[in-house]
Amino acid sequence: MMITGTTRLYGIIGDPVVPLRSPALFNAAFARLARDAAFLPFEVPAGALPTVWAGLTRLRNLDGLVMTMPHKEAVVPLLDALGPTARLTGTVNTVRRREGGGWEGEMFDGEGFRDGLERAGHAPRGAAILQVGCGAAGRAIAFALARAGVGRLTLHDAAAGRAEALVAALKAGWPSLEVAAGVAAPAGHAIIINATPLGLRPGDPLPLQPDTIAPGQVVADVIPKPEITPLLAAARERGCPIVTGRAMHEGQARLAAAYLGITGWEG
């Protein structure tokens with residue numbers, strides 16, 4: 001990669017940034033497409049985004065940013081416009097510069113997850129799904145599952161009231177959707193989703209008890225690195241098909257790249 005004075009900049013803002021795959025994925029695409037661009041990681045701690053934003057957005061050669069935890073909600077009030085999914089979920093994972101000035105954002109985590117799940121051969125339409133985690137990514141995933149025609153959706157979150165609030169938001173958009181807050185019990189579900197950050201760091205507790213998973217149940221994780229999380233390793237040992245966070249990451253990256261005007265991503 002040759003960086004010059006004409007190179008356009010993109011980046012990802014998060015904390016931590018060490019596990020992130022986006023810099024390698026985007027820079028490989030830029031090289032493949034012979035695009036004069038570079039993608040950089042920016043490690044910004046929670047609470048510091050407004051200060052950093054004031055500087056970053058004044059860089060005239062910065063064209064777009066990907067937002068990851070803990071900033072997917074914090075960036076919303078800093079933007080000038082939101083896309084339809086961002087307005088629905090109150091979260092953003094991709095930001096681009098507007099032609100008329102300012103910044104706009106959209107959320108692709110949910111549709112990226114759905115895309116990855118379907119490419120792995122596990123369509124959510126009509127399926128009974130347990131989702132553990134209702135934070136920023138979890139909200140986006142739940143809305144994407146509703147749009148995809150999930151048969152029954154059970155939501156669980158350790159934070160009091162978070163799952164119930166997401167149930168209410170989903171029912172407002174899809175009144176006939178069979179969705180409820182419940183415990184993290186896989187029985188009776190075809191697909192189990194970990195939408196929490198548990199498994200990202202060594203020593204994290206598991207988001208649910210692996211001995212409650214039955215052979216044949218599909219277990220999916222949103223964590224891109226390590227690709228095989230402790231939950232996925234336990235599920236695979238029990239004879240379960242698994243879908244790693246790479247599938248979601250690559251799915252949302254395809255959508256984010258299109259939003260950022262990066263054409264030819266898949267040839």
Side-chain angles (χ1 to χ4, degrees), residues 1 3 7-32 35 37-59 61-79 86 89 91-97 103 105-110 112-113 116 133 135-141 194-204 207 221-232 244-257 259-260 262 265:
M1 178 187 297
I3 297 178
T7 301
R8 306 305 300 178
L9 300 181
Y10 299 83
I12 184 166
I13 299 179
D15 186 18
V17 297
V18 170
L20 301 180
R21 296 183 181 271
S22 292
L25 191 64
F26 274 83
N27 285 317
F30 292 153
R32 185 175 68 250
R35 191 179 182 102
F39 191 100
L40 305 170
F42 300 109
E43 189 165 80
V44 178
L49 185 62
T51 302
V52 172
W53 190 260
L56 281 178
T57 60
R58 284 167 173 76
L59 298 177
N61 56 350
L62 178 67
D63 290 340
L65 291 161
V66 174
M67 312 301 301
T68 190
M69 65 176 193
H71 304 302
K72 293 179 183 181
E73 294 171 284
V75 73
V76 171
L78 304 176
L79 301 175
T89 63
T91 58
V92 161
N93 84 325
T94 309
V95 174
R96 67 184 178 189
R97 192 183 295 274
W103 296 83
E106 182 59 297
M107 169 52 87
F108 298 109
D109 280 352
F113 180 87
R139 285 180 63 84
I141 290 169
N194 174 39
T196 78
L198 294 176
L200 184 64
R201 297 175 176 85
D204 279 349
D221 210 319
V222 302
I223 294 171
K225 189 177 180 182
E227 186 170 359
I228 303 300
T229 62
L231 174 65
L232 292 182
T244 73
R246 177 188 289 270
M248 170 184 165
H249 180 69
E250 292 179 350
Q252 67 87 18
R254 283 187 288 271
L255 296 168
Y259 183 74
L260 295 171
I262 302 167
W265 188 266

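The basis for the numbers below is simple: all heavy atoms, side chains too, and nothing from hydrogens, waters or symmetry mates.
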Chemist: Hey, what do you get for CG (D109) to CG (L255), rounding to the nearest 0.5 Å?
Modeler: 10.0 Å
Chemist: On a heavy-atom basis, which atom in K225 and which in P19 lie closest, and how many Å separate them?
Modeler: CB-O, 3.2 Å
Chemist: What do the steps show when you test Y10 against V66 for side-chain contact (heavy atoms from CB on, under 4.5 Å), and what is the final call?
Modeler: CA-CA 8 Å; Y10 299 83; V66 174; over 6 Å; no
Chemist: Donor-acceptor pair, R32 side chain versus W265 backbone, under 3.5 Å?
Modeler: yes
Chemist: For E43 and D15, indicate whether the former's side chain and the latter's backbone hold a donor-acceptor pair under 3.5 Å.
Modeler: no
Chemist: Atom CG in L232, atom CD1 in I223: separation rounded to 0.5 Å?
Modeler: 8.5 Å
Chemist: Quick one, L56 with I13, criterion side-chain contact (heavy atoms from CB on, under 4.5 Å). Give me CA distance, side-chain angles, the key distance, then yes/no.
Modeler: CA-CA 10 Å; L56 281 178; I13 299 179; 3.6 Å; yes
Chemist: Quick one: does R97's side chain have a donor or acceptor within less than 3.5 Å of a partner on L62's backbone?
Modeler: yes
Chemist: Please check if the side chain of R21 supplies one atom and the backbone of P224 the other of a donor-acceptor pair under 3.5 Å.
Modeler: yes
Chemist: Please give me the minimum heavy-atom distance between A253 and L25, naming the atom from each residue.
Modeler: CB-CD2, 3.5 Å
Chemist: Can you name the closest pair of heavy atoms from P207 and L198 and give their distance?
Modeler: CA-CD1, 3.9 Å
Chemist: Roughly how far, to the nearest 0.5 Å, is the CE atom of M248 from the CG atom of D221?
Modeler: 10.0 Å
Chemist: Working to the nearest 0.5 angstrom, can you tell me the gap between T89 OG1 and R139 CZ?
Modeler: 6.5 Å
Chemist: Which value, rounded to the nearest 0.5 Å, describes the distance between S22 atom OG and N27 atom CG?
Modeler: 10.0 Å
Chemist: Indicate the atoms forming the closest heavy-atom contact of A195 with G138, along with that distance.
Modeler: CB-CA, 3.9 Å
Chemist: Minimum heavy-atom separation for M69 to L200, with atom names?
Modeler: CE-CD2, 2.9 Å
Chemist: Side chains of I12 and F39: does their closest heavy-atom pair fall under 4.5 Å?
Modeler: yes
Chemist: State which residue, out of T94, V44, T91, L49, fulfils the side chain to side chain contact (heavy atoms under 4.5 Å, CB included) condition with M67.
Modeler: L49
Chemist: Any donor and acceptor pair, going by atom type alone, linking the side chain of D204 with main-chain N or O of G199 inside 3.5 Å?
Modeler: yes
Chemist: Evaluate L65 against W53 for side-chain contact (heavy atoms from CB on, under 4.5 Å), listing each step before the verdict.
Modeler: CA-CA 11 Å; L65 291 161; W53 190 260; 3.6 Å; yes
Chemist: Check whether any side-chain N or O of N61 sits under 3.5 Å from a backbone N or O of L9 as a donor-acceptor pair, and report yes or no.
Modeler: no
Chemist: Between W103 and V92, does the side-chain contact (heavy atoms from CB on, under 4.5 Å) criterion hold? Intermediate values first, please.
Modeler: CA-CA 12 Å; W103 296 83; V92 161; over 6 Å; no
Chemist: When rounded to the nearest 0.5 angstrom, what is the spacing between CG in D63 and CZ in R96?
Modeler: 11.5 Å
Chemist: How close do P16 and R201 get, counting heavy atoms only, and between which atoms?
Modeler: CD-NH2, 3.4 Å
